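Please read all numbers here as calculations on a predicted model, not as lab measurements. Naming: A, B, ... by sequence-line order, numbering from 1 per chain.
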2 protein chains.
Amino acid sequence: MPQTPTDQPPTELTPAQLEAYFAFTEVSSLLRHAVEKQLRDAGDLSYVQFQLLARLGDAPGGWRRMTDLADGVVYSRSGLTYQAQLLEQRGLVTRSPSPDDERSTVVALTDEGRAVLATVFPGHIDALRRLLFSTLSSDDVDDLARILGGAASHLRANPPRSAAPRRRAPRA
Amino acid sequence: MPQTPTDQPPTELTPAQLEAYFAFTEVSSLLRHAVEKQLRDAGDLSYVQFQLLARLGDAPGGWRRMTDLADGVVYSRSGLTYQAQLLEQRGLVTRSPSPDDERSTVVALTDEGRAVLATVFPGHIDALRRLLFSTLSSDDVDDLARILGGAASHLRANPPRSAAPRRRAPRA
DNA sequence: TATTGTTATACTCTATAACTATA
DNA sequence: TATAGTTATAGAGTATAACAATA
């Protein structure tokens with residue numbers, strides 16, 4: 001009874017799957033730590049703050065609505081308000097009401113914000129190259145982009161936050 | 001490794017590298033959130049706590065020294081002490097002085113800890129299969145394991161924490 | 001009524017520094 | 001002196017709920 005050809009998904013992953021998963025989590029964790037350190041040292045930015053600035057830098061006009069930023073990065077509006085306040089206090093972004101919709105707040109990159117981004121970016125790129133890409137052939141990079149790109153699409157389509165919000169069980 | 005494709009490291013990544021990086025960070029973030037939710041719902045465990053229990057479950061005898069756990073997971077001893085206290089209060093681990101070295105504390109999985117692990121694991125595996133592996137061919141999995149395994153080794157050899165601890169610049 | 005964003009608040013987690021004790 | 005671990009403490013970050021304003 002080696003295996004039923006079946007219906008029930010096995011409760012184990014294949015060795016290759018396990019290996020891939022462990023490698024993924026390890027790279028993820030180590031890379032994240034290294035990148036966070038670089039961002040902190042080079043521009044006194046947390047990873048989330050860098051992501052916010054980078055998204056603004058990418059956006060046409062250098063601005064986005066709060067909600068759009070929150071959806072991409074922080075997962076809660078109040079969390080984004082907190083981060084936006086920090087960035088605004090440092091003069092890296094401005095917040096202003098949207099002319100289109102008075103409810104919306106438009107977050108825009110300032111010149112100084114763009115300058116900080118420019119300061120931090122080379123080191124960021126350099127860290128990525130040094131820590132990640134220096135070991136990968138260009139075929140490897142293509143494979144990664146293809147495989148993880150597909151996985152990202154799939155994950156995006158199965159949003160982790162869709163389930164009903166639930167209180168944690170009170171402690172026994 | 002073949003070669004570095006350039007003499008001067010460019011200040012840009014190739015489009016494929018960027019794509020791979022973005023896909024990687026996106027998968028990492030979405031997967032992490034989904035897994036954290038599953039662990040929370042199924043066993044009221046944070047990701048770190050799950051990692052600690054899983055490492056103990058993997059260890060021969062079901063125990064490890066505090067420092068060995070800290071090195072693998074938490075990056076600071078006090079952080080591990082905090083987490084170990086929480087797990088001990090819940091009866092999932094015990095802490096006791098090592099007979100070999102009186103300075104060391106041995107953290108051991110209890111039966112209840114093992115039970116929680118057993119409760120949480122199937123859902124964990126299932127989430128991984130559903131969110132990640134369902135979209136990947138077995139060649140993809142092999143590629144991922146190979147590519148990321150190599151990257152993980154490289155990252156491990158360039159520990160992000162090796163640099164001298166440095167104070168953040170005081171606010172202007 | 002639904003959506004956008006802020007505020008108040010509480011909580012989790014993490015790290016640094018000082019400390020104790022063992023090797 | 002170096003190592004293992006704990007404690008005290010402070011800070012960053014996050015989320016929930018209540019709220020105000022606009023659509």
Just the rounded figure in Å: distance from [atom2] of [N] to [atom1] of [X].
X	N	atom1	atom2	result
A:Phe50	D:dG13	CZ	P	15 Å
B:Tyr82	D:dG11	OH	P	18 Å
B:Arg32	C:dC13	CZ	P	11 Å
A:Leu80	D:dA12	CG	C1'	16 Å
B:Arg77	D:dA8	CZ	P	19 Å
B:Glu36	D:dG13	CD	C1'	13 Å
B:Arg95	D:dG5	CZ	P	10 Å

CD/B:Glu12: more than 12 non-hydrogen atoms of other groups inside 6.0 Å = no
Hey, which sits more toward the 5' end of DNA chain D by its nearest nucleotide, B:Arg65 or A:Leu86?
-> B:Arg65
Closest to the 5' end of DNA chain D, once A:Arg103 and A:Gln49 are matched to their nearest nucleotides, is A:Gln49
Give a yes/no on whether any side-chain N or O of A:Ser46 is located under 4.0 angstrom from OP1 or OP2 of D:dG13.
-> yes
Would you indicate, yes or no, if C:dT14 has its OP1 or OP2 atom less than 4.0 angstrom from a side-chain nitrogen or oxygen of B:Gln83?
-> yes
So, do B:Gln51 and A:Thr25 sit near enough that their side-chain heavy atoms are less than 4.5 Å apart?
->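 No; the side chains remain at least 4.5 Å from each other.
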With the side chain counted from C-beta on, respond yes when B:Tyr47 and B:Arg40 share a heavy-atom pair under 4.5 Å apart, and no when they do not.
-> no
Kindly compute the distance separating CG (B:Asp143) from CG (B:Leu148), expressed to the nearest 0.5 Å.
-> 10.0 Å
I'd like to know if [X] reaches the base of [N] with its side chain such that a donor and an acceptor end up less than 3.5 angstrom apart.
X	N	value
A:Ser104	D:dT22	no
B:Thr105	D:dA4	no
A:Ser98	C:dT4	no

Taking all heavy atoms of A:Ala20 and all of B:Leu144, pick out the closest pair and write down the distance.
-> CB-CB, 4.1 Å
